[in-house]
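What follows is one structure encoded as structure tokens, with my remarks underneath.
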2 protein chains.
Amino acid sequence: MTHTKENYLKAIYHLDQNQEKISLSELGKKMEVSMPTVNSMVKSLQEKDWVIYQKYQPLQLTTKGKQKAALIIRKHRLTEMFLAQYMGFGWEEVHEIAEEIEHLQVDKFFDRMDELLGYPAVDPHGSPIPDKEGVVVAKSYVPLSEIEVGVQVRICSLVKSSKELLLYLNRKEIALGTELKIEKKEPFDKSILVRYQRPDKVMLSHEVAQLLLVELC
Amino acid sequence: MTHTKENYLKAIYHLDQNQEKISLSELGKKMEVSMPTVNSMVKSLQEKDWVIYQKYQPLQLTTKGKQKAALIIRKHRLTEMFLAQYMGFGWEEVHEIAEEIEHLQVDKFFDRMDELLGYPAVDPHGSPIPDKEGVVVAKSYVPLSEIEVGVQVRICSLVKSSKELLLYLNRKEIALGTELKIEKKEPFDKSILVRYQRPDKVMLSHEVAQLLLVELC
DNA sequence: CTATAAAGTTAGATTAGTCTAACAAATTTT
DNA sequence: AAAATTTGTTAGACTAATCTAACTTTATAG
Ligand SMILES: [Mn+2]
Ligand SMILES: [Mn+2]
Ligand SMILES: [Mn+2]
Ligand SMILES: [Mn+2]
């Protein structure tokens, strides 16, 4: 399995999480390649039994493909955790580096990271780390946008951890584990006013609140 | 620059250290590829101005090529040091892992390792780490085999750090920094008897003694 | 100084991953 | 239902890295 195919498989896996059916054009967009490229790639992924594909039909990951993808994601997330915990990188820096490291073939390296980290369950963005069999145990959190006024919650994960969001949260001093209380909800734009370890109350847009996954506390 | 070309360049660099002239067949042997493969590769390395090459003539690294190679070796050795110091890998394990990691393109990662390690000058086998400009400052040590009886020395580096040698040294409890005194030299097979932090004296073959680079202490 | 052997080259093929251009099928809009 | 748009396919080309087979040049050994 090549570096390239691993990235396709991961992309398909992530698309699979959000939609049931995966179109070639979506995959092409995500991978930033032309349609003929994606077309020939899915044929070759099919030959390895990682996807099911028929002309003009949407793409589907096989169980085998899902597992393969999960194992790459395991490497990715373990790496992110290691970069954050052991090397002092910020949560907004780790993804880019892990994107390369995830393709290393030497298992020893990832096993040692796992051990040093004490077998972590989640990455620095709160996403679950698949186990060595490729099984993912994901907790079901609720978007902050759906919490009622007066309730106290803890930030546990993010829907999409784009660098921009992470830098925004840094500026607001919001991190995983931050506990906050909903002070007020503005019906007009659905923005919310929250209070946490800062002196002043902070306003969060609906857009942001939708991306923050929380649990009650 | 691809992963593959980086490995060729490194191989040429290492051959260059030992011999003046580098033949394609040697390079082919080192890289475990056929002669036509090595032939077409050197042509392509030449186009990038990393080597000088003319039909039927031995290969030569350009200054540019030497620098490129040194920067890859910098990544390799920094990685080895990090694996040993921060992740608890043995000196016999690090090379194989570093062989993969050295190709990562993300400079941030290597810079952070360098910083965390306190800008080390040598790798876990005592080989010098080239600086960010690709300049190598190599100390000139002496093989243990050339030291006279009665002299006290410190092991500082190895001529060739094969896994087999490293495991042998582990068994003998010899590491970088080990200080030893030559007790006796056997003229017949040039083996030497040494004493160090062990209760008993230890016999080292000429073969081994040639590979251990020492300085007086 | 010829005859082998070793080293190096060329030609041609293969696989992986990519592209553009041209066309076809499916979907959406009018 | 026809037209327009989007989506997907095919054909053909390119680069990188590799191989085998056949040949040539250079080196070595009688
Ligand atoms: Mn990530
Ligand atoms: Mn990747
Ligand atoms: Mn090494
Ligand atoms: Mn390598």
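A, B, ... follow the sequence lines: proteins, then strands. Residue 1 opens every chain.
For A/Pro58, the side chain to side chain contact (heavy atoms under 4.5 Å, CB included) criterion is met by A/Lys21, not counting sequence neighbours. With sequence neighbours left out, A/Gln19 forms a side chain to side chain contact (heavy atoms under 4.5 Å, CB included) with A/Leu15, A/Glu26. B/Ser140 is linked by a side chain to side chain contact (heavy atoms under 4.5 Å, CB included) to nothing, counting only residues two or more places apart in sequence or in another chain. Remark: A/Lys185 pairs with A/Val149, A/Ile182, A/Ile192 by the side chain to side chain contact (heavy atoms under 4.5 Å, CB included) rule, at least two apart or across chains.
DNA chain C lies under 4.0 Å from no heavy atom of any residue of residues 6-18 of chain B. Residues of residues 50-60 of chain B that place a heavy atom closer than 4.0 Å to DNA chain C, in numerical order, are B/Tyr53, B/Lys55, B/Tyr56. The stretch residues 19-28 of chain A comes close to DNA chain D through A/Ser23, A/Leu24, A/Ser25, each having a heavy atom under 4.0 Å from the strand. Of the residues in residues 37-44 of chain A, A/Asn39, A/Lys43 come within less than 4.0 Å of DNA chain D through at least one heavy atom, sorted by number.
For B/Met35 and D/dC19, the CE to P distance is 12 Å, given to the nearest whole Å. Remark: P of D/dT15 and NE2 of B/His3 are 23 Å apart, rounded to the nearest angstrom. The distance between atom CD of A/Glu32 and atom P of C/dT18, rounded to the nearest whole Å, is 11 Å.
Screening residues 30-40 of chain A for side-chain hydrogen bond (donor to acceptor under 3.5 Å, both in side chains) gives A/Ser34-A/Thr37, A/Asn39-A/Lys43 as the qualifying pairs, with residues at least two apart or on separate chains. Annotation: ring-ring contact (aromatic ring centres under 6.0 Å, His included) contacts involving residues 6-29 of chain B, sequence neighbours excluded, are absent.
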Would you mind writing out the side-chain donor-acceptor pairs for residues 71-86 of chain A within the sub-3.5 Å range, not counting sequence neighbours?
unit_1	atom_1	unit_2	atom_2	d
A/Arg74	NH1	A/Pro130	O	3.0
A/Arg74	NH2	A/Asp114	OD2	2.9
A/Lys75	NZ	A/Leu104	O	2.8
A/His76	ND1	A/Glu102	OE1	2.8
A/His76	NE2	A/Glu80	OE2	2.7
A/His76	NE2	A/His95	ND1	3.1
A/Arg77	NH1	A/Pro128	O	2.7
A/Thr79	OG1	A/Lys75	O	2.6
A/Glu80	OE1	A/His125	ND1	3.4
A/Glu80	OE2	A/His95	ND1	3.3
A/Tyr86	OH	A/Leu116	O	3.0

Please output the side-chain donor-acceptor pairs of residues 205-214 of chain A that fall under 3.5 Å, not counting sequence neighbours, one pair per line with the distance.
unit_1	atom_1	unit_2	atom_2	d
A/Ser205	OG	A/Val208	N	3.2
A/His206	NE2	A/Gln210	NE2	3.4

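Inspection of the A/Trp91 and A/Asp123 side chains reveals no N or O donor paired with an N or O acceptor under 3.5 Å.
Nucleic acid contact for A/Ser34: base, since at least one base atom lies under 4.0 Å from a heavy atom of the residue.
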